[in-house]
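Below is one structure, written out as structure tokens; comments come after it.
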Amino acid sequence: MENLMDKRQITARVTKLTWERIWLHLEVKIAFAEGADKESKLSFYLVNGLYEPKAKLKVTEIEGDTYKLKINITNPGTGLCLPQGTYSMIICQKKCQMAKAEIAESLVKEMSSASRNFLYGGRAKVYSVTFYVTEGDEGLPFIMYVLAGGRTGISAPVAHAKKGFHPKEELKKKYSKINKPLKVDMYWKYRKKYKHKSKKPVVMFMSEQSTSISTNLKAVKDRMIARGMDEEYVIVESYRSSVTNPRQGLKSWMDLLKKMAMSDFIFLDDHAPVLDWLILDKDTTLIQLWHAGAGFKSSGYSRWGHIGCPAPYSCHRQYKYGISGSKNIAHFFSEVWGINDSQVLPTGMPRIDEFLDEDYRRKKTKELYEKYPMCKDKKVILFAPTYRGTNKANAHYPYELIDFKKLYELCGDEYVVLFKMHPWVASEVPIADKYKDRFADVGRYPNINDLFYITELLITDYSSNIFEYSLMKKPMLFFAFDEIQYSFSRGFHRAYEESAPGKVCHTFEEALQAIANKDFDYPKVEEYVEKHFDHIDSHASDRVIDWIILGRLPESVKKDLAADAAVKKELETLDFKPAQ
């Protein structure tokens, strides 16, 4: 690439640096010399000390002479974190290097506070992004240093045996390290043996979160069978709860590895820890059919730096595709998984196929009124918040915040309340006997979506259950007593109060008042539906099958995938080395 920076036709100064989770936002002020080309497009690259471009920044807006840029440091378009290195920002025009960005003098004092450390690996490792100015340089060149590091001791070295050395524990560590390589070896041996054994393509449905099939996986599998595709394809399944019970036996591992090795397509329903360290054959297509329709709470790489976030390389990086309800919200999912927006296909959620089926709705409505006769001829309030805590082992909900007495009195002869807590919350709702004519704990009812048919008002907080419920076109209320704490510890991937499709209450008294006044901010529900659904029909499973298994991607999707592939290829081929 020709270097025209000495001609100083363009000068560039970074005037603003801000962070939005894993997104770095920059504002760059461009000045053109007299006679310079002001019309041709400008491109912005992060180039390391070896003159290799590792990221192309996205231009989000041009406002006069200021370019607004952004980059996702966990995935700058390559499906991996921005690599370790020292970066300059090079501005190009017509495949020529035109300028190296500098820092505006007004920003120099803010650079240290703009630096970030993202902790991961049980807070024992760190991915650090630091901005600084070097001594001795002419001007103030923009320099960004990326470092991946691990925890080290800060005391003087000790020559004698380690404190707390336990032979049995050391032995466990030793064999746990050997265990994974053995499993990887087993996978590749199975792959060699079974890859071409089946004359039919093999489709696998897999969960490491549950011992049974459910939601999106079930919908796609059932639809394949309904279409007679079980005659053209071999369907295999594996359902284990290895996340909560990691001590799976040898037989379980052999069965899983064999099925993965023989598969052409693997559909997941959530994170699968085995794929954090087992890299699948490139000929295997891995697809994430995550159950979340799009709530608020951050997950995966969206909450990088928080407790429980993934490592720089994880299962998510192997997805060829994921799915979402609409193209408008695809970026929420791509951020979570650390993949590109184009890889998130707006098929809609397969589990909604059944939910929107009128015959199914009539059948379930009848069953629910028979099972919960207290609901008949009443308006049903469904109280269904998410859990508090970091995992299944410590999941809970602070029932003491619910004023059962006042809620009971508010119900009168108009309402009854069904409490459906998150499946991870083991403790039952403490409903006193005197309130059981208007209150019921329905935590053991298997499918919350069925309950939406008889619900008039949903009370939730940060749960993704709002996705399906919004299609009922009925009001919602959000009891977010811990919004500030939750946003800090868990993180949101969008502004909560602006995005919540209903009124947000921070105390239970406010929630009671909203119910009494029927103050639900209902228009936000219709806005939510318009944004989150490209298709409101019962054909999402068909789209997953047609687009992914049969390879019939829409032209618009192909175009987006090709554009991302072109950027990746550009980064691999551009040469920023100075002329000899």
Side-chain angles (χ1 to χ4, degrees), residues 294-298 375 378-389 395-422 425 427-432 434-435 437-443 448 451-452 454-470 472-529:
F296 308 100
K297 55 193 177 189
S298 296
C375 297
K378 300 285 185 180
K379 291 180 181 176
V380 176
I381 297 173
L382 180 62
F383 190 88
T386 192
Y387 67 94
R388 300 305 189 274
H396 63 281
Y397 188 83
Y399 293 122
E400 66 275 8
L401 295 181
I402 303 172
D403 191 327
F404 290 97
K405 182 175 183 294
K406 285 187 177 179
L407 180 60
Y408 181 83
E409 291 170 352
L410 178 63
C411 285
D413 294 327
E414 184 177 7
Y415 295 105
V416 294
V417 183
L418 302 181
F419 294 87
K420 174 69 171 168
M421 309 312 293
H422 190 280
V425 178
S427 58
E428 295 183 353
V429 184
I431 300 172
K434 60 184 177 180
Y435 300 144
D437 61 322
R438 296 176 188 169
F439 294 169
D441 184 348
V442 298
I448 189 173
L451 297 170
F452 294 158
I454 64 169
T455 297
E456 290 297 321
L457 171 66
L458 172 66
I459 301 179
T460 186
D461 43 25
Y462 319 114
S463 175
S464 62
N465 58 29
I466 61 174
F467 186 73
E468 283 88 350
Y469 186 74
S470 68
M472 296 288 97
K473 301 290 185 73
K474 294 176 183 177
M476 295 180 236
L477 198 60
F478 294 82
F479 177 38
F481 59 87
D482 56 351
E483 180 188 342
I484 294 174
Q485 190 275 339
Y486 198 91
S487 65
F488 180 78
S489 62
R490 179 78 195 205
F492 294 133
H493 53 61
R494 50 183 165 166
Y496 178 67
E497 292 195 41
E498 291 175 23
S499 304
K503 185 178 179 65
V504 176
C505 302
H506 296 101
T507 68
F508 199 72
E509 191 63 41
E510 286 179 16
L512 292 173
Q513 195 65 40
I515 297 169
N517 296 332
K518 293 182 171 52
D519 177 17
F520 306 128
D521 207 355
Y522 177 74
K524 292 175 77 177
V525 174
E526 294 179 335
E527 293 169 13
Y528 182 92
V529 172

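Quick caveat: nothing in here was measured; it's all calculated off a predicted structure.
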In terms of relative ring orientation, are Phe383 and Tyr397 parallel, tilted or perpendicular, with 30° and 60° separating the classes?
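Perpendicular: the ring planes of Phe383 and Tyr397 meet at over 60°.
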
Only counting residues at least two apart or in another chain, list the ones meeting salt bridge (charged side-chain N to carboxylate O under 4.0 Å, His left out) with Glu509.
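Glu509 satisfies salt bridge (charged side-chain N to carboxylate O under 4.0 Å, His left out) with Lys406 once adjacent residues are dropped.
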
Using the salt bridge (charged side-chain N to carboxylate O under 4.0 Å, His left out) criterion, which residues pair with Glu409? Sequence neighbours excluded.
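With sequence neighbours excluded, Glu409 shows a salt bridge (charged side-chain N to carboxylate O under 4.0 Å, His left out) to Lys405, given in chain and number order.
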
Centroid separation under 6.0 Å, is that true for the rings of Phe481 and Phe508?
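Phe508 vs Phe481: aromatic centres not under 6.0 Å.
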
For Glu414 and Lys378, run salt bridge (Lys or Arg N to Asp or Glu O under 4.0 Å): C-alpha distance rounded to whole Å, both residues' side-chain angles, the deciding distance at 0.1 Å, then the answer.
CA-CA 6 Å; Glu414 184 177 7; Lys378 300 285 185 180; over 6 Å; no

Over all heavy atoms of both residues, which pair between Gly502 and Phe478 is shortest? Give the atoms and the distance, please.
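Looking at all heavy atoms of both residues, the closest pair is N-CE1, 3.6 Å.
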
According to side-chain hydrogen bond (donor to acceptor under 3.5 Å, both in side chains), who are the partners of [X], at least two apart in sequence or on a separate chain?
X      : result
Asp403 : none
Asp519 : Lys503
Arg388 : Asp461, Asp482
Lys434 : none

Counting only heavy atoms from other residues, nucleotides and ligands, does the tally under 6.0 Å from CG of Asn517 exceed 12?
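More than 12 heavy atoms, drawn from other residues, nucleotides or ligands, come within 6.0 Å of this atom.
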
Have a look at Phe419 and tell me which of Val442, Ile381, Ile431 forms a side chain to side chain contact (heavy atoms under 4.5 Å, CB included) with it.
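Considering Val442, Ile381, Ile431, a side chain to side chain contact (heavy atoms under 4.5 Å, CB included) with Phe419 is found only for Ile431.
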
